[in-house]
Structure formats: C-alpha cells, structure tokens
Amino acid sequence: MNSERFAGHAWQLIHLPAQSPALHMALDEVLTDEVAAGRRGPTLRVWEWASPAVVMGRFQSLRNEVDMAAAQRHGIEVVRRISGGGAMFIEPGNTITYSIYAPEAMVAGLDFQQSYALMDSWVIQALGELGIAASYQPLNDITSPAGKIAGAAQARRGKAVLHHVTMAYDIDADKMLDVLRIGREKLSDKGTTSAGKRVDPLRSQTGLSRAQVIERMIATFAGQYRLQPGQLLAHELDKARALAEQKFATAQWTAAVP
C-alpha cells in the first residue's frame with residue numbers, strides 16, 4: 001500500500017541554500033497551499049538552516065516550552081510552525097529536516113497514525129540501508145535501539161497534507177536542555193541526567209557526514225519513486241517572504257499561545 005500511494009505521483013525535489021527559520025515556516029505554508037490548489041505537484045523539500053532555532057508546534061505554549069532568556073543568550077530564534085507536535089531544537093549542521101507536500105488523496109482513508117507511518121516509510125528504509133534498525137513509533141517518532149532519531153509533525157490544509165521531520169544528526173544536549181523546558185522535565189521524570197540517552201545522533205550511528213546522509217536519503221527516495229529536480233517558483237518565494245515578515249517572524253504569531 002505504501003509504495004503504491006507514493007508511486008502514483010511524479011515528485012519534485014527542492015533543496016535550496018540555507019534559509020532563515022521564519023522563511024522555512026512560511027515555505028511550508030505556501031508550498032502546502034500550492035499543492036492543495038493544484039498549482040504544484042507532490043514535493044520533497046530538504047531544508048538547510050541559516051541560523052539556530054527552536055521550532056514550536058502550533059498549539060504549544062511559548063512560556064511552558066522555551067526558556068527565552070537562554071534562547072537569547074545562545075542566539076537562538078524561536079519560531080512557531082503550522083503543524084502540531086512538540087518543540088524541535090535546531091542547529092545548522094546538526095539536524096536534517098525535510099518536508100513532504102502531497103495531495104490529500106494520498107492519505108485518503110488513513111487515520112493520523114497510518115498517515116504518519118506512510119509518510120515515514122521511505123526514510124525508515126533509507127536509514128536501514130545506512131545500517132540503522134530504525135522503526136516508526138506512534139504517533140510521531142522514528143527510533144532505533146540506540147535511541148530516538150527523529151520527530152515528525154503533520155498538518156492537513158485544504159486538499160493537501162504537510163508532513164515534516166527533523167532528524168538529529170548531531171546534538172548539543174547541554175544547550176538543548178538549557179533552552180527547552182520540556183526536555184528538562186522529561187529527563188527529570190526519568191531520573192536521567194544525559195539527553196544523549198533520549199536522542200541518538202545519526203553521526204554516531206552511521207559515521208557519515210550530514211551531506212552524505214542526506215544524499216543517501218534522496219537516493220533511496222529516487223530509487224523507489226519518480227523524483228526529479230525541482231525549483232521554488234518566483235511567486236512562491238515572494239509569497240513566502242511576505243508571509244515570513246508579516247506572520248512567522250512576528251511576536252504575535254510566536255506567542256499566539258503564551
């Protein structure tokens with residue numbers, strides 16, 4: 001079923017130079033809406049980060065999730081995405097993030113758990129080819145015997161579904177715990193002092209560079225499905241830049257749930 005749902009489409013790959021956190025949030029909204037409107041085909045976008053960030057879920061409380069004083073001290077921008085789920089700690093070079101924008105028909109008849117499993121299936125295969133015994137853990141995690149590898153989030157807008165994943169290539173656990181309040185609570189609850197036991201970076205499991213891991217992931221996708229190099233169209237970028245400035249970079253949006 002999984003391969004049939006993916007294989008029924010011609011996919012585009014977008015892999016641009018580094019962008020600001022707010023622009024990434026805006027691109028997710030714009031490209032999802034473009035697919036929903038039928039102006040863009042199914043797309044896989046691999047992110048490159050221009051600066052460190054905390055990306056909060058749509059319904060998370062800024063006050064409860066993030067220590068803003070610590071974020072400012074480390075020069076970390078806090079942004080809010082359009083999908084639900086938990087906060088993600090991002091540093092350029094230390095994370096691998098990608099989005100899938102697909103027609104709603106691709107997940108027709110699936111509940112959220114089935115939809116997550118479908119969207120994660122290809123990357124779990126890619127990780128397997130890298131020697132990692134990865135598996136999907138409901139609702140939104142990808143794990144291995146060595147620890148959690150990635151967290152996913154999803155949103156359905158109009159006639160499209162957005163599925164995006166952040167994977168830990170490497171991680172500064174101390175800095176993450178300094179900035180994310182929820183991370184401190186989880187570790188405290190478990191009597192654990194090291195975040196390394198909760199999130200295991202891909203670097204330690206593969207021995208490959210971040211670029212090599214991304215290259216292998218894309219190759220796995222392209223080996224199974226019709227994937228062609230794509231590009232961000234001028235009107236999409238213009239719309240995303242305006243949306244980043246007017247919405248995603250504003251205090252009103254970031255603190256929408258105070």
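- Arg81 places a side-chain N or O within 3.5 Å of a backbone atom of Val55 that can act as its donor or acceptor partner.
- Side-chain contact check for Leu202 versus Ile96: some heavy-atom pair is nearer than 4.5 Å.
- By the 4.5 Å heavy-atom criterion applied to side chains, Pro52 and His74 are not counted as neighbours.
- Contact check on Lys247 versus Glu29 returns a salt bridge, with a Lys/Arg side-chain nitrogen under 4.0 Å from an Asp/Glu carboxylate oxygen.
- Judged by distance alone, with hydrogens and angles left aside, the side-chain atoms of Gln60 form a donor-acceptor pair with the main-chain N or O of Gly57 at under 3.5 Å.
- Here the rule is side-chain contact (heavy atoms from CB on, under 4.5 Å) with Ile76, and of Met176, Lys175, Met68 only Lys175 fits it.
- By the 4.5 Å heavy-atom criterion applied to side chains, Lys239 and Glu34 are counted as neighbours.
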Could you walk me through whether Arg73 and Asp178 pass salt bridge (charged side-chain N to carboxylate O under 4.0 Å, His left out), step by step?
CA-CA 10 Å; Arg73 185 167 64 249; Asp178 198 28; 2.7 Å; yes

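- Shortest non-hydrogen contact noted between Ala150 and Val165 is CB-CG1, 3.7 Å.
- Residues Met119 and Val161 are in side-chain contact: their nearest non-hydrogen atoms beyond the backbone lie under 4.5 Å apart.
- We find the OG-CG distance between Ser204 and Asp170 to be 8.0 Å, quoted to the nearest 0.5 Å.
- Within a 6.0 Å radius of CZ in Arg63, no more than 12 heavy atoms belonging to other residues, nucleotides or ligands are found.
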Evaluate the side-chain hydrogen bond (donor to acceptor under 3.5 Å, both in side chains) criterion for residues Trp47 and Ser99: first the C-alpha distance (whole Å), next the side-chain angles of each, then the deciding distance (0.1 Å), finally the verdict.
CA-CA 8 Å; Trp47 303 25; Ser99 293; 3.0 Å; yes

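- Summarising the geometry of Ala87 relative to Val54, their closest heavy-atom pair is CB-CG1, 4.3 Å, with the distance given to 0.1 Å.
- Placement of Ile218 and Ile149 within a single hydrophobic cluster is found when ILVMFWY residues are connected by side-chain heavy-atom separations under 4.5 Å, directly or transitively.
- Across all non-hydrogen atoms, the minimal contact from Glu236 to Val30 is O-CG1, 3.8 Å.
- The nearest pair of heavy atoms linking Arg181 to Asp67 is NH2-CA, 3.7 Å.
- Donor-acceptor pairing under 3.5 Å is recorded for the side chains of Thr97 and Trp49.
- Within a 6.0 Å radius of CD in Glu245, no more than 12 heavy atoms belonging to other residues, nucleotides or ligands are found.
- Annotation: cation-pi geometry satisfied between Arg156 and Phe112 (NZ/CZ under 6.0 angstrom from ring centroid, within 45° of ring axis).
- With hydrogens and angles left out, the side-chain atoms of Gln224 and Gln125 include a donor and acceptor closer than 3.5 Å.
- Side chain of Arg210 to main chain of Val213: no donor-acceptor pair is present (N/O by atom type, distance under 3.5 Å, no hydrogens or angles).
- At a threshold of 4.5 Å between side-chain heavy atoms, the hydrophobic network of Ile, Leu, Val, Met, Phe, Trp and Tyr places Val46 and Leu27 in two separate groups.
- One finds the CG atom of Leu243 at 9.5 Å from the CG atom of Leu23 (value rounded to the nearest 0.5 Å).
- Looking only at distances, a side-chain donor or acceptor of Thr206 sits under 3.5 Å from a matching main-chain atom of Leu208.
- Heavy atoms from other residues, nucleotides or ligands lying under 6.0 Å from CD of Glu215 number 12 at most.
- Glu77 has its side chain within reach of Val79: a pair of non-hydrogen atoms, C-beta onward, lies under 4.5 Å apart.
- The distance from the OG1 atom of Thr254 to the CE atom of Met56 is 6.0 Å, given to the nearest 0.5 Å.
- Under the 3.5 Å distance criterion, with hydrogens and angles disregarded, a donor-acceptor pair is assigned to the side chains of His163 and Gln154.
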Show, in sequence, the C-alpha distance, side-chain angles and deciding distance for Gln137 and Asp120, and conclude whether the side chain to side chain contact (heavy atoms under 4.5 Å, CB included) test is met.
CA-CA 10 Å; Gln137 179 174 313; Asp120 287 339; over 6 Å; no

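- Counting only heavy atoms from C-beta outward, the side chains of Pro42 and Val35 never approach each other to under 4.5 Å.
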Residues Ile142, Ile124; criterion side chain to side chain contact (heavy atoms under 4.5 Å, CB included); working and verdict:
CA-CA 8 Å; Ile142 297 173; Ile124 288 171; 4.3 Å; yes

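- Residues Leu16 and Leu13 do not share a hydrophobic cluster, clusters being chains of Ile/Leu/Val/Met/Phe/Trp/Tyr side chains in contact below 4.5 Å.
- The ring of His9 has its center no closer than 6.0 angstrom to the ring center of Tyr225.
- Note on Trp253 and Val66: separate hydrophobic clusters, where clusters join Ile, Leu, Val, Met, Phe, Trp and Tyr whose side-chain heavy atoms are under 4.5 Å apart, directly or indirectly.
- Asp33 and Arg157 are joined by a salt bridge, as a carboxylate oxygen and a charged side-chain nitrogen come within less than 4.0 angstrom of each other.
- Atom CZ of Arg40 and atom OG1 of Thr32 lie 10.5 Å apart (nearest 0.5 Å).
- For the salt bridge (Lys or Arg N to Asp or Glu O under 4.0 Å) condition, the pairs that include at least one residue of residues 131-143, sequence neighbours left out, are Asp141-Lys148.
- Under a 3.5 Å cut-off, the side chain of Ser115 and the backbone N or O of Asp111 do not form any donor-acceptor pair.
- Taking OG1 of Thr43 as the start and OH of Tyr98 as the end, the distance is 15.0 Å to the nearest 0.5 Å.
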Check against side chain to side chain contact (heavy atoms under 4.5 Å, CB included), Thr143 and Ser135
CA-CA 5 Å; Thr143 64; Ser135 61; 3.5 Å; yes

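- Within 6.0 Å of CZ on Arg203 lie no more than 12 heavy atoms contributed by other residues, nucleotides or ligands.
- One hydrophobic cluster, built from ILVMFWY side chains closer than 4.5 Å, cannot hold both Leu44 and Tyr101; they sit in different ones.
- Summarising the geometry, atom CG belonging to Asn64 is positioned 12.5 Å from atom CG belonging to Leu180; distances are rounded to the nearest 0.5 Å.
- No side-chain heavy atom of Arg45 sits less than 4.5 Å from a side-chain heavy atom of His15.
- When every heavy atom of Phe89 is checked against every heavy atom of Asp172, the shortest pair comes out as CE2-O, 4.1 Å.
- Between Tyr136 and Tyr116, the ring planes are parallel. Angles under 30° get that label, and only those over 60° would be called perpendicular.
- Annotation: side chain of Gln205 is not in contact with side chain of Tyr169 (no heavy-atom distance under 4.5 Å).
- Aromatic rings of Phe6 and Trp11 (six-membered ring for Trp) have centroids within the 6.0 Å cut-off, being under it.
- Across Leu130 and Arg216, no two heavy atoms sit closer than the pair CD2-NH1, 3.1 Å.
- Side-chain atoms of His164 and Ser83 form a donor-acceptor pair, as typed in the model, at a separation below 3.5 Å.
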Evaluate the criterion side chain to side chain contact (heavy atoms under 4.5 Å, CB included) for residue pair Arg80 and Arg58; output intermediate values, then yes/no.
CA-CA 6 Å; Arg80 184 184 296 277; Arg58 175 66 183 90; 4.1 Å; yes

